[in-house]
Amino acid sequence: MVITFYFVISWLMMGLFIFNRKKSWGTKKELAFLVLLSCLINSHTYLGLFETFKWMKTTINPKLYIAFLLFRSVFIPFFVSFFSLLFFNCTRSKKLMSLLIYGLIILVLDKISLSFELYSFKKWNHFFTLVYYFLYLYFMIIALKWFKHLGVKEADIGDDVDRKRFWSK
Amino acid sequence: MMWTEKGFGLNDYFVIAAVIVSWIIYFFLPKIFSKQFTVLIFLFTLTISSIFDNSFGATPIDLYDIMDGPAYTVMDILVYFLYPPAGYIFLLLYKKLRIRDQHLVLFILISTAFSLGIEWINHKMGVFKYKSGYNIIYSICIYLFVQSIFVLFYRFLYNHGGERIDTSKSRD
């Protein structure tokens, strides 16, 4: 039940992120950058920050742990990447709405994860979760801006994935 | 967060030296990839290793420890600095040697054997400590899998690097 729930929402989030037909939000390099970076941050935060400082305790039940891994390393990276792109591309009036939806989904998922006992709070609460995820989103948007800027600079020198001129020698 | 769990030992000095050497090698290598793609290579290596370490190396699976023990220390983080230059060298060789499809399996097998040798040295130096019946032989599966998807990842971005995702076009 728990694994199925997290598998379905992870699959749904991947689908929404990869096969978004509404508009072109970014290049494939930008999408890859967002997913990889968000996965890197989130996997280290839960173990390196929350567990190390004993703010949270992750489950030791193998079944629940698989669900937790799906949540931490698949759903959240795609979810945060999706909202980073959404926030980056939508108009100012829609930004507030997207932030509200983002916060609401995080809160609901936090409650569900707690009720399934994927993790338990020690020196932590829902407010801290919200603060963490908003800071996480903010960092992702800044990182995306930097990555786009890196691409623009390279476009000026006629560069793409690799510098072909090295290989033409 | 602690620097180490049991004080500075051989494994810590080995990691520091290995990180310095690998980054010196990286700086002398030809920069054949764009900055954006180099960032993606670094991120790919860091993310994949992090997923494995923070999933299979953590309770309840807990197959191995990095450095002195299970605690998350600064030296554990330093180990991750070994991966980006290795990933860069892997793709550099793949590109430089112009590996054709029929030689790709051989290339990944040789690279896996080399990676296994590096892991064995790290294990002997106390960087990786195997637990719960884990054996270095099992790492072959991980290297074969990771290096294969690394090549796929490169090809995916190489073929579509500048394109924007617009699936509506594919319906035309």
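Side chains included, hydrogens not; waters and symmetry mates left out as well; all remaining heavy atoms used. Here is how names work: the chains are called A, B, and so on, in the same order as the sequence lines, proteins then strands, and each is numbered from 1. What you see is a predicted model; the values in this text were computed from it and never measured.
- Taken from CG in Asp53(B) to NE2 in His44(A), the straight-line distance is 7.5 Å, to the nearest 0.5 Å.
- Between Phe44(B) atom CZ and Phe33(A) atom CZ the span is 15.5 Å, to the nearest 0.5 Å.
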For this session: Dump the intermediate steps for side chain to side chain contact (heavy atoms under 4.5 Å, CB included) on Lys28(A) and Phe156(B), then the final yes or no.
Result: CA-CA 9 Å; Lys28(A) 287 186 179 176; Phe156(B) 171 75; 3.3 Å; yes

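- Counting only distance, with no hydrogens or angles, the side chain of Gln36(B) and the backbone of Phe147(A) share a donor-acceptor pair below 3.5 Å.
- The hydrophobic cluster containing Phe134(A) also contains Ile41(A), counting ILVMFWY residues as joined when their side-chain heavy atoms lie under 4.5 angstrom apart, directly or transitively.
- Looking at Leu69(A), only its side chain comes within 4.5 Å of chain B, counting heavy atoms on both sides.
- Counting non-hydrogen atoms of neighbouring residues, nucleotides and ligands closer than 6.0 angstrom, the NZ atom of Lys131(B) exceeds 12 such neighbours.
- Within 6.0 Å of the CZ atom in Phe128(A), the count of heavy atoms belonging to other residues, nucleotides or ligands does not exceed 12.
- Under the 4.5 Å side-chain heavy-atom criterion for grouping Ile, Leu, Val, Met, Phe, Trp and Tyr, Tyr138(A) is not connected to Met140(A) through any hydrophobic cluster.
- Environment of CZ in Phe114(B): sparse, with no more than 12 heavy atoms of neighbouring residues, nucleotides or ligands closer than 6.0 Å.
- Between the side chain of Thr47(B) and the backbone N or O of Leu36(A) there is at least one donor-acceptor pair closer than 3.5 Å.
- Closest approach of Leu40(A) to Ser50(B), counting heavy atoms only: CD1-OG, 3.2 Å.
- Clustering ILVMFWY residues whenever any of their side-chain heavy atoms sit less than 4.5 angstrom apart, transitively, puts Tyr130(B) in the very cluster that holds Ile137(B).
- Between the SG atom of Cys39(A) and the CG atom of Leu43(B) there is a distance of 10.5 Å, given to the nearest 0.5 Å.
- At least one donor-acceptor pair closer than 3.5 Å links the side chain of Tyr65(A) to the backbone N or O of Ser55(B).
- The most heavy-atom pairs under 4.5 Å with chain B, out of Thr58(A), Thr52(A), Thr59(A), Leu49(A), come from Thr52(A).
- Counting heavy atoms of neighbouring residues, nucleotides and ligands inside a 6.0 Å radius, atom CD1 of Ile60(A) does not exceed 12 of them.
- Residue Phe52(B) holds its CZ atom at 11.0 Å from OG of Ser73(A), rounded to the nearest 0.5 Å.
- Residue Trp146(A) places its CH2 atom among more than 12 non-hydrogen atoms of other residues, nucleotides or ligands, all under 6.0 Å distant.
- For Phe53(A), the part lying under 4.5 angstrom from a heavy atom of chain B is the side chain only.
- Enclosure of atom CZ in Phe81(B) is not indicated, since only 12 or fewer non-hydrogen atoms of other residues, nucleotides or ligands lie within 6.0 angstrom.
- Heavy atoms closer than 4.5 Å to chain A are found in both the backbone and the side chain of Ala58(B).
- Each of Asp62(B), Leu40(B), Leu46(B) has some count of heavy-atom pairs under 4.5 Å with chain A, and the biggest count is that of Leu40(B).
- More than 12 non-hydrogen atoms from other residues, nucleotides or ligands lie less than 6.0 angstrom from NE2 of His126(A).
- Glu51(A) places none of its side-chain heavy atoms less than 4.5 Å from the side chain of Thr59(B).
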